[in-house]
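The basis for the numbers below is simple: all heavy atoms, side chains too, and nothing from hydrogens, waters or symmetry mates. As the structure lists them, so they are numbered: ligands from 1, and atoms in each ligand from 1. One is the number of the first residue; the rest follow in order along the sequence.
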Amino acid sequence: MNRDDPRISASAREVQPFLAMEIFERSQELESQGVDVVHLEVGEPDFNVPGCVDRAIREAVEAGKTHYTHSLGMMDLREEVAAYYGRRYGVAIDAGRVLITGGTSGALVLLMALLLEAGDEVLLPNPGYACYDNFVRTFHGKPTGYEVPASTGFHYDPVLIGKLISPRSKAILVNSPSNPTAAVQDHSTLEEIAALGVPVISDEIYHGLEYGAADTRAVSMLEVTDECFVVDGLSKRYAMTGLRVGWLIAPQSLVAPLQRLQQNLFVCASSLAQTAAIAALREADEDLERMTEQYSKRREVLYNGLEALGFPIPCKPMGAYYIFAQADHLDSDSLRLAKRILEEAHVGVTPGIDFGSRAEGWLRFSFANNIDNINEALRRLEKWLKT
Ligand SMILES: Cc1ncc(COP(=O)(O)O)c(C=O)c1O
C-alpha cells in the first residue's frame, strides 16, 4: 500500500499491518517451491468443525434457511447463549442483552462505533492481540497500552491500569485467557479492574480452552459485574473460525443503539453460521472436551521442548493455545528472528512485536498443530540453534 495516497483517510493510514501474515505469506511462497514448513505461527485450530455443526449447515442449506435473520440474531441462538452463561458461570443473562455478530471481531467493531468520539482512549493490554489497536484507530480513537508485566506471569496490574485513566478513557479491554500470553486472570483482579470506574470490554474468545484444574477456569466479567461488555465467539473453542459468528453481551440500555449500528453496518450475522452456532452450543460439549484434551497434550510437548531449548517462558499456558517465550538472547528484533527461523529452520513462528512494544524480543508459538509436527518443529529448532 502506498501510505501517501491522498485517497486513504488518516485513520486507515494508521492501521498497522499484521506482521504474522508476512511470515505466513512467505512460508506459502517457500511451500510453493517445494520447501516443507512446520506452522507454529497459526492462530486457528487445525481441527474441522464438530459433526453436529457440519450437519446443521447442510440441513439449513437444504431447507433454504439462507435469508437475513433478525438484526440481533436468531432468538433461539440468543437464548442458547444466555443459557450457556447460566450453565457455565451460574449467571442469569436475559437473552434480550445478547447480540449475535460476525465473529468477536464484528462485536468489537460495533462497540468501538458505539463508544468512541475522535481522540477518545481505549486502554489495551500490551502485550495483547495485534488487532485491538487497529479497531480503535479505525474509529478515530487512541489506543493506550497498559503494561502486562512478564515478571508476574503476565497478570494484569490494576494499579498500573488505574494510573493511565484520563477523562478521555472510554473503555478498558481485558482478554483472559490471553492471546499471546496464554495467562488467565483471577476473579479479584477482574474485580479491581471493574472498580476503576471505566466500562470494561472483556474479550472471552479463548474461554473453554483452559488447562488448569476445574477450579481455575477462566472467570467471565459477567460474574463480576453486569455493567460490562462481553465479546465472545465460536471461532476458537469449536474450531469455527471461517464461519464468522460470535456475540456481544451489553447492558440492556445500550442494546437499542447497538442494534441500530448492526442494522446499518452488517444487517445481521450469517444465517448459516447462526444455525451452526445453535448446534455447537447444544451438542458439541464432547467435541470441545476432545479438542481440549489434544491441546493439553500438545501444550506439554511444546512447553517442555521449548524450555529444553533454552527459551524462558514466564507463563506455562493456562488457556488458549499459545506459548509466549522470550527470545531476545537470540535476536532483539523479533521480526528479523522470525524471518530467520522460517528461512533457515523452516518453522513458522509469530514475532512478538505484532503484539505491542512490550512484546519485542519475544516469539509466539502456537500448539494448534499436531504432536508429530510440533516434535518436528522442535527438532528443526534444536538443529538450527546449534548452527
Ligand atoms: C484475542 C482475540 N480476539 C478476537 C479474535 C477474533 O476472533 P473472531 O474469529 O471471533 O473474529 C482473535 C483471533 O485470533 C483473538 O485472538
My understanding is that only residues two or more places apart in sequence, or in another chain, count here; which of them pass ring pair (Phe, Tyr, Trp, His ring centres under 6.0 Å) with F139? none
Any ion pair linking E300 and K297 (charged N to carboxylate O, less than 4.0 Å)? no
Table of N or O contacts for ligand 1, cutoff 3.5 Å:
{"from": "ligand 1", "atom 1": "3 (N)", "to": "D203", "atom 2": "OD2", "distance (Å)": "2.6"}
{"from": "ligand 1", "atom 1": "9 (O)", "to": "S235", "atom 2": "OG", "distance (Å)": "2.7"}
{"from": "ligand 1", "atom 1": "9 (O)", "to": "R244", "atom 2": "NH1", "distance (Å)": "2.8"}
{"from": "ligand 1", "atom 1": "10 (O)", "to": "T104", "atom 2": "N", "distance (Å)": "2.7"}
{"from": "ligand 1", "atom 1": "10 (O)", "to": "T104", "atom 2": "OG1", "distance (Å)": "2.9"}
{"from": "ligand 1", "atom 1": "10 (O)", "to": "S235", "atom 2": "OG", "distance (Å)": "3.4"}
{"from": "ligand 1", "atom 1": "11 (O)", "to": "T104", "atom 2": "N", "distance (Å)": "3.4"}
{"from": "ligand 1", "atom 1": "11 (O)", "to": "S105", "atom 2": "N", "distance (Å)": "3.0"}
{"from": "ligand 1", "atom 1": "11 (O)", "to": "S105", "atom 2": "OG", "distance (Å)": "2.5"}
{"from": "ligand 1", "atom 1": "11 (O)", "to": "R244", "atom 2": "NH2", "distance (Å)": "2.7"}
{"from": "ligand 1", "atom 1": "14 (O)", "to": "K236", "atom 2": "NZ", "distance (Å)": "2.7"}
{"from": "ligand 1", "atom 1": "16 (O)", "to": "N179", "atom 2": "ND2", "distance (Å)": "2.9"}
{"from": "ligand 1", "atom 1": "16 (O)", "to": "Y206", "atom 2": "OH", "distance (Å)": "2.8"}

Quick check: Y84 with H207 (ring centres under 6.0 Å apart)? no
Side-chain (N179) to main-chain (Y129) donor-acceptor, under 3.5 angstrom: no
Identified ring pair (Phe, Tyr, Trp, His ring centres under 6.0 Å) partner of Y322 from the options F365, F367, Y206: Y206
If you apply the rule side chain to side chain contact (heavy atoms under 4.5 Å, CB included), what do you find for Y238 with L243, and how did you get there? CA-CA 11 Å; Y238 295 112; L243 290 172; over 6 Å; no
